[in-house]
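Structure record follows, encoded as structure tokens.
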Amino acid sequence: MNDTLSPGRILRLSVLTIGAIVFLAPYIFMISTAGKAQSDIFSSSLSLIPQTWFYVENFSKALSRVSMGSLLLNGVVVCGLILIVQVVVAIPCAYAMAKLSFRAARLMMALVMLGLLVPIHATALPLYVAFDKMSALNSYFALVAPFSISVFAIFLFLQFFRGIPDDLIHAARLDGMSETGIVMRVIVPNAWPAITAFSIFSVVAHWNDLFWPLIVVTNQAYATPPLGLLYFRAAEAGDDYGALMAATLIITLPLVLAFLFAQKRFVEGITMTGLKG
């Protein structure tokens, strides 16, 4: 029997389709609500198709009631700075533990594993006190600095670098390359799938983060997208859920587009353990 019509394949596709619908249901509901009038949202009939199309009105409210451009710009700046610093720090650390022999390698690996167990909530209070003492609250520095070192990035790159053949590293050393040159000219070009995969994890986590910005930011000029939605809901929108869903759609759309653009690299970064054949 042709594999394309086999019962096993049909079952797998059915399960994946049901799973996709379940995970997409909140987003579909958000798109539907963003186009409804207030009376339509609270009507007794739960219809996904708006009876009266209010997309223009709701999106106009979302763009006019808060500085949506400023929120998106802050999100890009904060996530971009965090990602750049994390990658710049994590790649040399992971390379050293994966390809260099030194006494503290096992200790560093244990510290990385221990770091994975420590949530930001456990360090929030001392970090807040430290930034307050430095008068650094309400700044990009306060939003970026606590996440500049990512133990998850070090661990992910470490596993990826272990799959790179040692012969390639030895050949680069015989050609006279320094360790820095090897990292820049050998490791990084082959690590783009892992870097892309981590970039998606990092950007999604910090774009959606509300906990830390809510602690260190009181000036709306530095508000990140989730914090801006909180201001939008509390101060401006009230019970106007159509406008609130329109604002949420605007803020989440960049993440969806970024993932769709980078999904091939993301899958490669998760599944690959070394160089392509």
Between Ala243 and Ala62, which heavy-atom pair has the shortest distance, and what is it? O-CB, 3.8 Å

So Ile195 and Ile91, do their side chains get closer than 4.5 Å, heavy atoms only? yes

Main chain of Ala142, side chain of Trp212: is a donor-acceptor contact present, judged purely on distance under 3.5 Å? yes

Approximate separation, where rounding is to 0.5 Å, of Lys61 NZ and Phe54 CZ: 7.0 Å

What about Ile200 and Ile84, same hydrophobic cluster or not, with Ile/Leu/Val/Met/Phe/Trp/Tyr joined at side-chain heavy-atom distances under 4.5 Å? no

Does some side-chain heavy atom of Tyr140 sit less than 4.5 Å from a side-chain heavy atom of Ile82? no

With a 4.5 Å heavy-atom cut-off, do Leu227 and Leu230 have their side chains touching? yes

Check step by step if side chain to side chain contact (heavy atoms under 4.5 Å, CB included) holds for Phe198 and Phe152. CA-CA 9 Å; Phe198 171 73; Phe152 173 71; 3.8 Å; yes

Residue pair Pro225 / Gly75: nearest heavy atoms and the distance that separates them: CD-CA, 3.7 Å

Spacing of Ile187 atom CD1 and Phe160 atom CZ [to the nearest 0.5 Å]: 9.5 Å

For residues Val186 and Ala172, report the shortest heavy-atom separation together with the two atoms involved. CG2-CB, 4.1 Å

Calculate, to the nearest 0.5 Å, the distance between atoms CG and SG belonging to Asn74 and Cys79 respectively. 10.5 Å

To check you understand the geometry: which heavy-atom pair defines the closest contact between Phe131 and Pro146, and what is its length? CE1-CG, 3.6 Å

Is Ile31 reachable from Phe23 through a run of I, L, V, M, F, W or Y residues, each pair having side-chain heavy atoms under 4.5 Å apart? no

Starting from Leu125 and following side-chain heavy-atom contacts under 4.5 Å between hydrophobic residues (I, L, V, M, F, W, Y), which residues can be reached? Val129

Greater than 12 external heavy atoms within 6.0 Å of Tyr55's OH: yes

Over all heavy atoms of both residues, which pair between Phe141 and Ala136 is shortest? Give the atoms and the distance, please. CD2-CB, 4.0 Å

Taking it one step at a time, do Thr218 and Leu137 satisfy side chain to side chain contact (heavy atoms under 4.5 Å, CB included)? CA-CA 8 Å; Thr218 56; Leu137 299 177; over 6 Å; no

For the residue pair Leu127 and Ile120, establish whether any side-chain heavy-atom pair is separated by less than 4.5 Å. yes

Interatomic distance, CD1@Ile182 vs CD1@Ile169, rounded to 0.5 Å, equals 6.0 Å

Roughly how far, to the nearest 0.5 Å, is CG of Leu249 from CG of Leu253? 6.0 Å

Taking side chain as C-beta onward, heavy atoms only, is Val216 less than 4.5 Å from Asn138? no

Locate the shortest heavy-atom distance separating Ile164 from Leu168; write the atom from each residue and the value. CG2-CD2, 4.2 Å

Side-chain contact test, heavy atoms from C-beta onward, threshold under 4.5 Å: evaluate it for Phe155 versus Met113 and give yes or no. yes

Using side-chain heavy atoms (C-beta onward) and a distance below 4.5 Å, is Asp209 in contact with Val78? no

Would you check if the side chain of Ser32 reaches a backbone N or O of Ile28 as a donor-acceptor pair within less than 3.5 Å? no

In short, salt bridge (Lys or Arg N to Asp or Glu O under 4.0 Å) pairs touching residues 164-180 with sequence neighbours left out are Lys99-Asp166, Arg173-Glu179

Ile250-Val256 co-clustered via ILVMFWY side chain contacts under 4.5 Å: yes

Test your reading of the model: is there a side-chain donor-acceptor pair from Ser202 to the backbone of Ser199, 3.5 Å cut-off? no

Heavy-atom side-chain proximity of Phe157 to Cys93 below 4.5 angstrom: no

Just list the side-chain donor-acceptor pairs under 3.5 Å for residues 103-112, sequence neighbours left out, or say none.
none

Report yes or no: do Phe211 and Val217 belong to one cluster of Ile/Leu/Val/Met/Phe/Trp/Tyr joined by side chain heavy-atom distances under 4.5 Å? yes

Is there a path of hydrophobic side-chain contacts, each under 4.5 Å between heavy atoms of I/L/V/M/F/W/Y residues, joining Val88 to Val188? no

Rounded distance (nearest 0.5 Å) linking atom CZ of Phe29 with atom OG1 of Thr33: 3.5 Å

Could you tell me whether Met134 atom CE has more than 12 heavy atoms of other residues or ligands within 6.0 Å of it? yes

Between Ile251 and Trp207, is a side chain to side chain contact (heavy atoms under 4.5 Å, CB included) present by the stated rule, with each step listed? CA-CA 9 Å; Ile251 286 175; Trp207 185 276; 3.5 Å; yes

